[in-house]
Amino acid sequence: FTTRITIASLLTGALAACVVAPPSMGDLKAAREACNRDYPARLGNYLPHARCVNAAIETYALPTAPHPDLIRLQAEIRASLSEKIDRRRLSVQAGERRMAEADRLVAAAQHDREAGNEKAASRRIAAIEQMLK
């Protein structure tokens, strides 16, 4: 009986740990919501919005990120694409597609690194850096 209680307690604790987000993630969500509120999606607001989001990520997510260099590279892409949209050098839809591609490449590079495949991660990082040109 004591073993069952111990196992039940451990499982409950483990499940609670999965459900409760770290405080910084809640702060990041609130900060991003504030960026959305302060800089609604329209020309002239894309770059200020990107800077706001990047600052929130820098404050709340970067300190605990396993690969901060990739997060910073993602932030550079966000700002670059947003500036192009504000200057009407890129459509909003094209910017969103390119940002989604950058997000996918960053996630894949993170996965590659965690799997110990630095060569594949380097190829993905090079593709991301190419987007900045």
Side-chain angles (χ1 to χ4, degrees):
F1 180 72
T2 306
T3 305
R4 285 186 191 161
I5 292 174
T6 303
I7 291 171
S9 297
L10 290 173
L11 286 174
T12 302
L15 290 174
C18 293
V19 173
V20 177
S24 64
M25 294 311 290
D27 295 338
L28 176 59
K29 182 179 179 195
R32 288 189 72 139
E33 288 170 358
C35 294
N36 294 343
R37 191 174 48 254
D38 293 345
Y39 303 102
R42 65 174 175 254
L43 286 179
N45 276 357
Y46 285 93
L47 183 55
H49 180 270
R51 288 179 177 151
C52 181
V53 168
N54 289 348
I57 290 169
E58 186 83 24
T59 300
Y60 299 111
L62 207 61
T64 59
H67 306 286
D69 62 313
L70 296 177
I71 304 304
R72 285 194 175 110
L73 189 55
Q74 190 176 29
E76 283 183 61
I77 294 288
R78 184 180 299 108
S80 174
L81 293 174
S82 296
E83 181 179 24
K84 289 176 183 174
I85 291 170
D86 278 345
R87 291 179 182 237
R88 298 173 190 229
R89 293 176 38 216
L90 187 67
S91 72
V92 172
Q93 295 79 15
E96 288 173 349
R97 281 192 305 272
R98 291 183 73 187
M99 190 68 223
E101 177 62 21
D103 291 343
R104 282 190 293 275
L105 286 167
V106 166
Q110 288 174 336
H111 181 279
D112 291 339
R113 280 185 176 175
E114 289 162 7
N117 192 347
E118 196 58 43
K119 190 173 182 181
S122 294
R123 281 194 308 271
R124 294 184 200 279
I125 292 167
I128 298 165
E129 290 171 340
Q130 194 63 33
M131 294 176 79
L132 287 168
K133 296 179 180 177

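In this chain, residues are counted from 1 in sequence order. Predicted model, so just to flag it, every value in this text is computed and none were measured.
The CG atom of D103 sits 11.5 Å away from atom CD of E96, with the distance rounded to the nearest 0.5 Å.
Side chains of R123 and D112 form no contact here, defined as non-hydrogen atoms less than 4.5 Å apart. Side-chain atoms of P66 and R113, non-hydrogen and from C-beta on, never get closer than 4.5 Å to each other. Residues R72 and E58 form a side-chain contact, since some pair of their non-hydrogen atoms from C-beta on lies under 4.5 Å apart. Using a 4.5 Å heavy-atom threshold, the side chains of L73 and V106 count as separate. Considering only heavy atoms from C-beta on, P48 comes within 4.5 Å of D86 through its side chain. Looking at E129 and L105, their side chains never come closer than 4.5 Å, going by heavy atoms from C-beta outward. Between Q74 and I57 the shortest side-chain heavy-atom distance does not fall below 4.5 Å.
Taking a cutoff of 4.0 Å between a charged side-chain nitrogen and a carboxylate oxygen, R104 and E101 qualify as a salt bridge.
Residues A109 and R124 approach most closely at N-CD, 3.5 Å, considering heavy atoms. Taking every heavy atom of both residues into account, N54 and A79 meet most closely at ND2-CB, 4.1 Å.
A continuous path of hydrophobic side-chain contacts links L81 to I125 [ILVMFWY only; heavy atoms under 4.5 Å].
Of the possible donor and acceptor atoms, none in the side chain of S80 sits under 3.5 Å from a partner among the backbone N and O of E76. At distances below 3.5 Å, not a single donor-acceptor pair connects side-chain atoms of D27 with backbone N or O atoms of Y60.
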List the steps and the verdict of side-chain contact (heavy atoms from CB on, under 4.5 Å) for Y39 and V53. CA-CA 10 Å; Y39 303 102; V53 168; over 6 Å; no
R97 and L90: side-chain contact (heavy atoms from CB on, under 4.5 Å), yes or no, with the steps? CA-CA 11 Å; R97 281 192 305 272; L90 187 67; over 6 Å; no
